[in-house]
Structure formats: C-alpha cells, structure tokens
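Basis for what follows: all heavy atoms, side chains included, without hydrogens, waters or symmetry-related copies. All of these numbers come straight from a predicted model, not from anything done at the bench.
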Amino acid sequence: MRVSFLDGILDRFGERKAAKRAAEQLSRDQTAAWDAYWATLVALTTRPEMAAFGLAAATGQQPASIMGDLEDAGVLRADVEAARSEAARFVDHQQLFNLERHALDLLVNRVVDNDGMVDQGEYGQVFACSALLGSDRMSPQSIARFQFGRINAGYLPDPVDPVSLILKRGESCYFDHEARLVAAPKGMSATAQTSGVAIPLGRQTGWSWLGSEDSATALEPSGFEVVDAGRVAITDRRMVFTGSSKSIDMRLSKLNAAWVAGPVVTLHRSDRVKPTLIELPDASEDLAAALLVLLTRSSD
C-alpha cells in the first residue's frame with residue numbers, strides 16, 4: 001500500500017515535470033518560429049529588387065502577377081510561405097495578421113519619412129510586399145500615409161465612388177470620408193487650440209505628415225463646436241461637404257489656402273470672409289489638404 005502510494009506521487013511528479021519541459025519547449029518553438037517569420041518579413045520589405053518587380057506588376061508588365069514566382073525579384077515566394085506555415089503552427093491567425101500589418105506599417109513609414117514622398121520605385125516596393133502578404137494587411141493609417149506620399153510626389157490616387165455626392169458628367173472623385181463641420185467659439189481663432197501649418201497653394205515641394213499615429217482614434221479638438229456631421233468628397237473640380245442640415249459646395253478655383261490644425265482642415269476661400277473648418281478622423285486631414293493643394297494647382 002505504501003509502495004503504491006509513493007509510486008503514485010512519483011508518477012504525478014514525473015508527469016508535471018514532463019509537462020513543464022513540454023511547455024518550455026513549446027515556448028522556445030513559438031519564439032523561434034515568430035522570430036524566423038519576422039526576419040523573413042523584414043528581409044522581404046527591405047530587398048531593393050522588390051521595387052522593380054512590384055512596379056512591373058503594378059503597371060501590367062511582365063511578370064504580370066505578384067503571386068507568381070518571385071525568384072526574379074530576389075525573394076522566393078516559397079521562403080515566405082514556409083516561414084509563415086511554421087509560424088502558423090504556434091501562432092494564431094490574428095497574431096500573424098498583426099505581425100504582417102506591422103511589417104507593412106514600418107515599410108510605409110520608412111518610404112514616406114525618407115523625404116515625404118513615395119516615388120515610383122517605392123510605390124513598386126510597397127505594392128509588391130502588400131500583394132504578397134495580402135492587401136488587407138495595409139492598415140487605414142498606412143493607406144492614408146502612402147497616398148499622402150504619392151500625392152506629395154504629384155500622383156493622384158485612384159478615383160473612388162462617393163457615398164452621398166452625385167458626380168457631374170466627366171467629374172472624378174479622389175477622396176470621400178466621414179467628416180464634421182466645426183466652428184471656433186467667439187473670440188477664438190481657428191488655430192488657437194493647436195499649432196496650425198499653412199499650406200500655400202503655390203508651394204512646389206511636399207510637406208510633412210502630421211496625422212495621428214493611432215488610426216483608431218477620432219480626435220476631438222478641445223474648444224471647437226460641432227456644427228454638423230456628414231461626409232466630405234473631393235473631386236477634380238470641387239470639395240463638397242454633405243451633412244444632415246448643411247451643405248457646402250466649394251469650387252477649387254475659390255480655394256486660397258489650406259491649413260491643418262490637429263484633425264481640422266481650415267480652408268480659406270476667396271468668396272467668404274470666414275474660413276471653412278472641416279474635422280476629419282483617422283489622420284485623414286493631411287491627406288485631404290495635400291490632395292486639395294495638388295488638385296487646385298492643376299485645376300482651371
């Protein structure tokens with residue numbers, strides 16, 4: 001009886017010890033797989049060959065598909081898939097998704113922060129990496145930041161279908177976003193709460209990204225009064241705010257200057273004494289202002 005009791009204790013002790021060793025080994029395997037996949041992602045986003053390959057794929061030249069064999073780009077698709085499959089054994093889908101999104105965030109930050117612009121080579125690099133990992137890995141913040149860099153370099157984004165605006169014949173829309181029409185209280189200027197940055201329409205060089213680093217946060221400028229909520233659309237002819245009670249239709253030819261103060265874009269118009277203040281969430285205010293400037297320069 002005593003021997004059986006002791007054997008039971010030893011068995012349970014051995015099981016706990018074996019379980020502890022297995023857990024420690026699993027932890028080491030998880031860390032190794034995670035680190036290996038991250039190293040693969042970093043290598044992918046820093047290889048210069050990806051720029052030429054992505055640009056060729058984006059423009060429809062050969063090789064036509066980024067999901068084909070990446071050997072010509074200096075990166076084997078199999079390497080990425082192998083590292084991802086190994087990591088998937090120990091890490092759940094959402095964690096892998098977040099890791100891939102973080103890698104693309106770092107890539108976009110790097111190419112934009114370099115000079116505030118995204119040239120053709122950088123465009124190809126981001127296109128190739130996002131296509132390989134999945135375009136849904138691009139965060140809203142990175143998409144806005146990337147488009148901002150392209151606009152700074154003189155390239156318009158792809159046209160979009162506005163939610164509430166009816167386009168005129170031949171009119172193209174390049175920006176459509178939820179927004180709020182705001183006003184500064186009496187006795188307070190539009191830029192009294194935060195430091196504003198003037199964007200002269202005649203400026204020929206790009207300007208710096210000032211948007212929030214947290215794309216999930218809709219900033220609330222202290223002291224500004226919300227007049228109406230709705231959407232803002234920017235086309236090649238005009239900027240239109242459509243709210244529940246107010247509507248503003250501004251021809252680009254009437255725009256004198258754009259200011260950014262926190263999440264608020266301040267628009268100075270030649271047909272109004274008071275500026276128009278539009279608040280945009282998700283760090284889209286810089287993108288909207290830069291787009292307005294580019295379109296205004298090229299409009300009639």
Side-chain angles (χ1 to χ4, degrees), residues 58 108 112 115-120 122-123 126 140-182 190 196-211 230-243 246-272 274-300:
V108 171
V112 175
D115 55 5
M117 301 183 186
V118 177
D119 60 26
Q120 286 296 79
E122 293 167 335
Y123 170 80
V126 174
Q141 169 79 0
S142 284
I143 292 174
R145 195 181 185 95
F146 178 74
Q147 289 180 331
F148 170 84
R150 290 293 286 171
I151 292 169
N152 257 351
Y155 297 96
L156 286 171
D158 293 332
V160 298
D161 293 324
V163 173
S164 57
L165 178 65
I166 300 176
L167 296 175
K168 308 296 183 183
R169 179 176 297 180
E171 186 177 21
S172 298
C173 182
Y174 296 102
F175 181 90
D176 183 74
H177 206 290
E178 60 179 319
R180 293 191 290 191
L181 181 66
V182 298
V197 177
I199 312 302
L201 297 183
R203 185 174 178 177
Q204 296 301 311
T205 58
W207 49 291
S208 301
W209 174 270
L210 302 173
R231 299 191 71 86
V232 159
I234 300 174
T235 78
D236 54 352
R237 303 177 188 177
R238 55 193 174 137
M239 185 221 75
V240 181
F241 171 81
T242 306
K246 291 183 178 295
S247 179
I248 297 175
D249 191 325
M250 183 186 70
R251 302 287 299 184
L252 296 182
S253 59
K254 301 293 186 181
L255 181 63
N256 288 334
W259 291 68
V260 174
V264 175
V265 179
T266 302
L267 305 173
H268 293 270
R269 302 164 52 179
S270 60
D271 59 343
R272 291 192 62 180
K274 290 185 178 181
T276 300
L277 277 63
I278 302 291
E279 179 193 5
L280 292 159
D282 300 334
S284 297
E285 62 280 351
D286 298 320
L287 174 61
L291 181 57
L292 278 170
V293 171
L294 178 60
L295 287 169
T296 302
R297 290 178 190 157
S298 57
S299 65
D300 295 332

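Within 6.0 Å of the CG atom in D271, the count of heavy atoms belonging to other residues, nucleotides or ligands exceeds 12.
Residue L167 comes nearest to C173 through the heavy atom pair CD2-CB, 4.0 Å, listed as atom of the first residue, atom of the second, then distance. In this structure, P159 and Y174 approach most closely via the heavy-atom pair CG-CE2, 3.9 Å. When every heavy atom of V108 is checked against every heavy atom of S142, the shortest pair comes out as CG1-O, 3.7 Å. The minimum heavy-atom distance linking V265 with A289 is given by the pair CG1-CB, 4.4 Å. The two residues R237 and G170 make their nearest non-hydrogen contact at NH2-C, 3.3 Å. Of all heavy-atom pairs spanning P162 and L165, the tightest one is CG-O, 3.4 Å.
Taking 4.5 Å as the limit, some side-chain heavy atom of I278 sits within range of a side-chain heavy atom of L181.
For E122 (side chain) and D119 (main-chain N/O), a donor-acceptor pair under 3.5 Å exists by modelled atom type. Judged purely by atom type and a 3.5 angstrom limit, R150 uses its side chain to pair as donor or acceptor with the backbone of V118.
The distance from atom CG of N152 to atom CG of L291, rounded to the nearest 0.5 Å, is 11.0 Å. Here CD1 of I234 is found 7.5 Å from CG of L295. Values are rounded to the nearest 0.5 Å. Atom CE of residue M117 and atom OH of residue Y155 lie 11.0 Å apart, to the nearest 0.5 angstrom. The CG atom of L280 sits 10.5 Å away from atom CZ of R231, with the distance rounded to the nearest 0.5 Å. Taken to the nearest 0.5 Å, the OG1 atom of T235 stands 10.0 Å off from the CE atom of M239. Once rounded to the nearest 0.5 Å, the distance linking CD1 of I151 with CG of L294 reads 6.5 Å.
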Any chance you could lay out the side chain to side chain contact (heavy atoms under 4.5 Å, CB included) test for L292 and L267, step after step, and finish with the verdict?
CA-CA 10 Å; L292 278 170; L267 305 173; 3.6 Å; yes
Please determine whether side chain to side chain contact (heavy atoms under 4.5 Å, CB included) holds for the pair E279 and V264, giving the CA-CA distance in whole Å, both sets of side-chain angles, and the decisive distance to 0.1 Å.
CA-CA 4 Å; E279 179 193 5; V264 175; 4.2 Å; yes
